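Here is the naming used below: chain letters follow the sequence lines, and residue numbers restart at 1 for every chain. All figures in this text were calculated on a predicted structure; none of them were measured in a lab.
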Amino acid sequence: MKENIQQLLEQTVAILKQENILPADAMPRIQVDRTKDKSHGDFATNLALMTAKPAGKNPRELAQLICQHLPQSAFIEKTEIAGPGFINFFVADNALTDQLEAAYVDPDLNVTKTTSPQNIVVDYSAPNLAKEMHVGHLRSAIIGDSVVRTLEFLGHHVIRQNHVGDWGTQFGMLLTYMERLQQQGGEISMELHNLEKFYRAAKKCFDEDESFSTRARELVVLLQSGDAHCKELWQQFIDISLAHCQETYDKLGVSLSRSDVKAESSYNDDLQNVIDDLTQQGLLVEDNGAQCVFLDQFKGKDGDPLPIIVQKTGGGFLYATTDLAAIRYRKNVLKVDRVLYFVDARQSLHFQQIFTLAKKAGFATHAMSLEHMAFGTVMGEDGKPFKTRSGDVAKLADLLDEAQQRAYDLVKQKNPDMDQAQLKIIGDVVGISAVKYADLSKTRTSDYTFSFDSMLSFEGNTAPYLLYAYTRVASIFAKAGVAADSIEGEIILNSEQEKVLGNKLMQFNDAVNNVAAKGLPHVMCSYLFELAGAFSSFYEACPILIAEDQAVKNSRLKLAALTAKTLQQGLSLLGIKTLERM
RNA sequence: GUCCGUGUGGCCUAAUGGAUAAGGCGUCGGUCUCCGACACCGAAGAUUGUGGGUUCGAGUCCCAUCACGGAUGCCA
């Protein structure tokens, strides 16, 4: 509907130019907004305010002219000029009901798909395989996955890339520890069952035993030079670590699989080429033994130039090098239009540098959009970065177990008679959803506080509230004995609550497109929470199964069905499952 | 030092430069002989850190300033 008004205004602008009311070179950005206040109609535009100056007219007078030249449309019941020169559009009732009917019969809720599908790499999750995933890995995986789902829903071609860290110096230490275990006749795969413990044990040896640390440094060099023995140990470690990750993804409902892994090590053979390329272009400078690129726009302390170090003293490569190689791969092999990096905000300087350099060196085309989708830190309730009670970094797997256990207890408390298997299923979904939703519902860029109590609350903007709202709708159809997708009759919007719900249902399209454009899933969360609220008010005020007559009943059933479908689709774009009862 | 981010009712959180700053928690008061009250309805509660500026219009943009967090040459 917004698009329709936009088109009408574009036509109007063209007419006004022909009549010399607007200067021919005026190119106003036509902006149509949903109004906050019903008295201002359904949509408003500030077109007259924006073009008043170039037209040399006062805004209200110009608004008048715009309305007079506006092409006729069945969508619009009337227009009004308000305030300093806003034009308010009142949408015809049947236009809204037509849209609702269209959404009802469309499996994709009549969402406008993209007309120009892009190739988009989404670089997310990317844990370091040396250790087990911890709470710090939560946000990238959850938020990235939601944006992936949304982009795919709109028809884009998304390439998931899990840029796992499998090539750092810690691997020398880990391989040495594996070697020792092997020599002592230990069962490595058993020991690796608890990666965290394994890492700590290796670290202890590394710090305390000199022969160990010497061997560890040797093994790094051997590994990177392709030694078969090292490669074998390394591969064994990586396989087990990746299996751990996969378990976590599966439990979390993150749509990453083994085939999406594009590890750091896979760019290994290309790193020297990156250096050579930079050298050829005259971008590389040796400084204190390291190979650096200095870019004018990045200054350090006292205005000194800030280097991007791409090769260490002694020849080692750094993550800047790998990231550059990755960009080049994405340009040359994957031919992408857009790359989204879901990485901690603390790395924003790094990405600014890499993006600037990549464009300058031709590793990315200027048309390629490189976007750092930064996110804040997960805080504990003490306001400091989240830790367990013992002060350790919380293991992600443990955290998810606890969420599920707490959810199980809660649901059991509310449904004492429910059988255990059912409780388990519900608890698992509620627990995971709560963790994901708590993260997704806050603006990506800010820090957020991890709190089991608030995320598992049934009140407020939480997963349990939304899941509950969904089960209420679902139960109507169970009780009515009709299928949600085969309701006869037309939607009729009589009461205030029905109109509010109808309007809210039609805003799903905006929400989806906003999430895709900006990579901000909290927009979807806010929308779904508002939708659930609109439904609850409707549900209180408008009896459905016991409605006064059949036509009203069918109309309300349709609204309920559309609400259920929208909630389910929206939650699914967030990576959250729904339950039929809870 | 420099750069980046954040600062919104007691607490948490929202708002493509638009109209009266929107919700939630908590508080207070209502509503179940009625489709799931894990719900709904209502009330109180805000000069958007501070001071300037741009604009017809600023929580949003610019400058200054304060507070907190982060980054800042061989980890990622």
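Taking the O4'-C1'-N9-C4 or O4'-C1'-N1-C2 dihedral as appropriate, B:C11 has a value more than 90° from 0 and is therefore anti.
At a cut-off of 3.5 angstrom, counting only N and O atoms as typed in the model, there is no donor on one side facing an acceptor on the other between the side-chain of A:S348 and the base of B:C4. Put simply, the side chain of A:N46 and the base of B:G18 share a donor and an acceptor less than 3.5 Å apart.
Counting non-hydrogen atoms under 4.0 angstrom, A:R29 reaches a base of the nucleic acid. Residue A:A345 is classed as having no contact, given no heavy-atom separation below 4.0 Å to the nucleic acid. Residue A:Q352 is out of contact with every strand shown, counting any heavy-atom pair closer than 4.0 Å. Among the heavy atoms of the strands lying under 4.0 Å from A:D37 is at least one base atom, whether or not backbone atoms are also near. Note on A:C542: a base of the nucleic acid sits closer than 4.0 angstrom, heavy atoms only. Heavy atoms of A:A44 sit under 4.0 angstrom from at least one base atom. Among the protein residues, A:H350 comes within range of no part of the nucleic acid, since none of its heavy atoms lies under 4.0 Å from any strand. Within the 4.0 angstrom heavy-atom criterion, only backbone atoms of the sugar-phosphate kind lie near A:K479; the bases stay farther away. Within 4.0 Å of A:N88, counting heavy atoms only, lies at least one base atom of the nucleic acid. Among the atoms of the strands shown, only primed sugar atoms or phosphate atoms (P, OP1, OP2) are found under 4.0 Å from some heavy atom of A:E264. Within 4.0 Å (heavy atoms only), A:T462 reaches no atom of the nucleic acid at all. A:I544 comes within 4.0 angstrom of a nucleotide base, judged by non-hydrogen atoms across all strands. Using a 4.0 Å heavy-atom cutoff across all strands shown, A:N288 reaches at least one base atom of the nucleic acid. Residue A:P543 is classed as a base contact, given a heavy-atom separation below 4.0 Å to a base.
Salt-bridge check for A:K442 with A:D447: failed, with every basic side-chain N at 4.0 Å or more from each acidic carboxylate O. For A:K203 and A:D207, the salt-bridge test passes: some basic side-chain N is under 4.0 Å from an acidic carboxylate O. One finds no salt bridge joining A:R139 and A:D344 here, because no Lys/Arg side-chain nitrogen approaches an Asp/Glu carboxylate oxygen to under 4.0 Å. The pair A:E498-A:R556 meets the salt-bridge criterion, with a side-chain N (NZ, NE, NH1 or NH2) lying under 4.0 Å from an Asp/Glu carboxylate O.
Across all strands shown, B:U50 is found opposite B:A64 as a Watson-Crick or G-U wobble partner, with both distances under 3.5 Å. When both pairing distances are held under 3.5 Å, B:G42 makes a Watson-Crick or G-U pair with B:C28. Searching all strands for a Watson-Crick or G-U wobble partner of B:C3 with both distances below 3.5 Å returns B:G70. Across all strands shown, B:G36 remains unpaired; no Watson-Crick or G-U wobble contact has both distances below 3.5 Å.
For the OP1/OP2 pair of B:U20 and a distance below 4.0 Å, the side-chain nitrogens and oxygens of A:K36 include no atom meeting the criterion. Close to B:C40, at under 4.0 Å from its OP1 or OP2, lies a side-chain N or O of A:Y465. The shortest distance between the side-chain N/O atoms of A:S526 and the OP1/OP2 oxygens of B:G23 is not below 4.0 Å. Side-chain nitrogen and oxygen atoms of A:R472 include at least one within less than 4.0 Å of the OP1 or OP2 phosphate oxygen of B:A37. Within the 4.0 Å cut-off from OP1 or OP2 of B:C40, at least one side-chain nitrogen or oxygen of A:S536 is found. Applying the 4.0 Å criterion to OP1 and OP2 of B:C75, one finds that A:K312 has a side-chain N or O inside that range. Under 4.0 angstrom from either OP1 or OP2 of B:G36 there lies at least one side-chain N or O belonging to A:S475. Applying the 4.0 Å criterion to OP1 and OP2 of B:A76, one finds that A:H163 has every side-chain N and O outside that range.
Separating the CG atom of A:L467 from the P atom of B:G36 is a distance of 18 Å, rounded to the nearest angstrom. Distance CZ (A:F317) to P (B:G73): 21 Å, rounded to an integer number of Å. Atom CG of A:L559 and atom P of B:C35 are 20 Å apart (whole Å). In this structure, the CZ atom of A:F375 is 21 Å from the P atom of B:C4, given to the nearest Å.
Per the stacking criterion (ring centres < 5.5 Å, plane angle < 30°), A:Y539 stacks onto the base of B:C35. Stacking between A:F86 and the base of B:A19 is present: ring centres sit under 5.5 Å apart and the planes differ by under 30 degrees. Lacking a ring centre under 5.5 Å from that of the base six-membered ring together with a plane angle below 30°, A:F458 does not count as stacked on B:C38.
With B:G70, B:C75, B:C38 as the candidates, the nucleotide lying closest to the side chain of A:L318 is B:C75. Of all nucleotides listed (B:G23, B:G73, B:A19), B:G23 comes nearest to the side chain of A:F529. Closest approach to the A:N415 side chain among B:C40, B:C38, B:G73 is made by B:C38 (side chain taken as heavy atoms from C-beta onward). Comparing B:G73, B:C74, B:C35 by their closest approach to the side chain of A:D287 singles out B:G73.
When each of A:V32 and A:E580 is assigned the nucleotide of RNA chain B bearing its nearest heavy atom, the one mapping closer to the 5' terminus is A:V32. Where A:I546 and A:K414 each meet RNA chain B at their nearest nucleotide, the meeting point lying more 5' is that of A:I546.
Of all heavy-atom pairs between A:L456 and A:A434, the closest is CD2-CB, 3.6 Å. When all heavy atoms of A:M133 and A:P127 are compared, the pair lying nearest together is CG-CB, 4.0 Å. Here the closest non-hydrogen pair linking A:C542 and A:S495 is SG-OG, 3.4 Å.
Look at the C1' atom in both B:C28 and B:A64: the space between them is 44 Å, to the nearest Å. Across B:G51 and B:A58, the matching P atoms stand 15 Å from one another, rounded to whole Å. For the C1' atoms, the distance linking B:C25 with B:U60 amounts to 26 Å, nearest Å. Spacing of C1' atoms, B:A15 relative to B:U50, comes out at 23 Å, to the nearest Å. Straight-line distance between the C1' atoms of B:C66 and B:G49: roughly 7 Å, to the nearest whole Å.
Checking each of A:D510, A:D42, A:N503 against A:R34 for a side chain to side chain donor-acceptor pair (under 3.5 Å) leaves exactly one that passes, namely A:D510.
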Using the rule given for salt bridge (Lys or Arg N to Asp or Glu O under 4.0 Å), can you reason through A:E196 versus A:K131, listing the C-alpha separation, both sets of side-chain angles and the distance that settles it, and then say yes or no? CA-CA 6 Å; A:E196 204 56 33; A:K131 292 184 175 189; 5.0 Å; no

